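All values below come from the heavy atoms of this structure, side chains included, with hydrogens, waters and symmetry mates left out. Both ligands and their constituent atoms are indexed starting at 1 by order of listing. A quick note: this is a predicted structure, and the numbers were derived from the prediction, not measured.
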Amino acid sequence: MLRDGTFIELNQKTFPNCHLHRSNSNDVARTEQLTFICTRKKEDAGPTNNWMAPADAKDKVRPIFDGSMKGRTMYVVPYIMGPEKSPYSKIGVEITDSAYVAASMRIMSRMGKAALDRLGSSDDFVPGLHSLGDLDPNRRFIMHFPEEKLIWSVGSGYGGNALLGKKCFALRIASWMARDQGWMAEHMLILGLEDPSGKVTYMAAAFPSACGKTNLAMMVSALESQGYRVWTVGDDIAWMHVDSTGTLRAINPEAGFFGVAPGTNAKTNPNVMDATRHNTIYTNVAMTAQREPWWEGIDTAPADGMINWKGETWTKGSGPAAHPNARYTVPASQSSSISKHWEDPEGLPISALIFGGRRARLAPLVYESHNWQHGVFVGATMASETTAAATGAVGVSRRDPMAMLPFCGYNMADYFGHWLAMGPKMKNPPKIFHVNWFRKGADGKFLWPGYGENVRVLKWMLDRIEGRVTAAETPIGCVPTASSLTLDGLSISRETMNELLSVNPADWTAEEDAVGAFFKKFDGHLPEAIGREKKALADRLNGSTVGVK
Ligand code: TSX
Ligand code: MN
């Protein structure tokens, strides 16, 4: 890779075994418009997925694959998604003509001998065929065949389009398998919150993109001096099973972090800054004159002699030096925050599920749902406001149920039904919360400091789970009472806290209308219980006179 330019050597003294890869400038992110769920019946893919009939999809893509690997090296990549010895892990085999993909898969999965040994002579694996093709976006397709558990991807070498174990297998194909087999494949981080007695409580959280999922998973607690610490189990995907005792247990199917670099710095994510000092593949970052990686928001000033992500000399005013979707690929084991139980074969017991989004006005800092069914409704109605001007207007709210909109391998309404069906299988189902780190005041400033201070919200959840603190009813769920959030050592006014926790019925009534418009897409398929929860919310909003608690 160094010889043919696929990899560029970074400073081996300060960043040992770190390399830079520059992708084609038209191939820098997942391409949802070119991603298809190919089922015999269109309604099995549902209204939120692109659909193509399996035979049509194969006829379309086969000619693009034809001869595409000629003169290239073909890699056969056997890999395990999940810990080597876990009964919940699954095997994939990716065929690829990209050495970068093969190298990235070695970090992101348990790849090679471990997978072959586990597979033996079994044919129980998910085949994935991948070729860079000619990188022409008009000849780029990411095709999923969930009925035969098969993936075909051509025309992209980037991330979720090409590392087939991640979004294609561990979310789209796995969500289909999970529905069939009675488990859950979710777009969730997994963390452990340690309390002063040393007991660790595990939580899984789903947020849409640009909400800081990786930062939360690797957070340095602001309450460390009080004995509260956060341990990382995973930052992107959770596979969850109900065990024989009725406990929901989660494994992280991945072995690495494929994280967004811009905005990452010693304050937003110190653990990943340390982890990525060695054995890391950087993609589309800038490089300093000292051959060190650099990106916007890294918190060191851009200096003369820098090379941008395209390999050009960077000057002030020539635009961002790193691509906004530039990435690091790093083994999870390298983070000092990694839980010593992160590879436990039986997975970790989940006591809380957390949904969230970026809502400047609407959602309180945290609220607790009334029960599993209501919690599923909260997840199904998730939305987040856009930040990247490149993808449309800033501040536009996009619905993203359970953060699965681009990743659910079947009809999303049936997926809500599957969630509803899972709750009753659990003896003590996790509490379901919703958080919003991004509420703004009238002055347009963030009301909550976020980052390491978020541990205060996690501690409140833990205290709720343990029955140690009270909460106040609002039409949307329960919010912390004045004294139940641990705020010592934080200078935040009572007024700001009231604003952060307030629920405005007029705003929520408008939200309920927007939810109704979104649900219209699913007509025949939407589970009745979701409709009942929506009606119950409307009734509570109608009956409420005072919204601010
Ligand atoms: O990741 C974030 N988290 C979770 C951290 C554990 N971000 C970054 C989001 C983009 C990926 C946040 N941004 C968080 C947050 O909790 N909160 C905010 C908003 C915010 C930004 C800056 C400040 C406060 C809040 N304050 C100062 O910069 C001083
Ligand atoms: Mn993700």
inquiry  = Quick check: do V366 and M461 have side-chain heavy atoms less than 4.5 Å from each other?
reply    = yes
Near the Mn ion (ligand 2) (protein N/O/S, cut-off 2.8 Å, waters excluded) we have K167 NZ, H187 NE2, D236 OD1
Problem set entry | Salt bridge present between E511 and R359 (N-O < 4.0 angstrom) | yes
Worksheet item: Quick one: do D236 and K167 make a salt bridge, cutoff under 4.0 Å?
Response: yes
### Message
Between E466 and K199 (salt bridge meaning N to carboxylate O under 4.0 Å), is one present in this structure?
### Response
yes
query = Relative to each other, are the rings of F355 and W419 parallel, tilted or perpendicular (30° and 60° limits)?
reply = tilted
Nearest heavy-atom contact between I237 and I190 is O-CD1, 4.2 Å
Hey, mind stepping through W231 and E194 against side chain to side chain donor-acceptor pair (under 3.5 Å) and telling me if it holds? CA-CA 8 Å; W231 298 103; E194 182 176 336; 2.7 Å; yes
So, E368 and R464, do they make that salt bridge, N to O below 4.0 Å? yes
Both conditions, 6.0 Å and 45 degrees, for the charged tip of R327 above the ring of Y282: are they met here? no
The protein residues that pass the under-4.0 Å heavy-atom test against ligand 1 are A210, G212, N215, L216, R358, W437, F438, F446, W448, P449, G450, Y451, N454
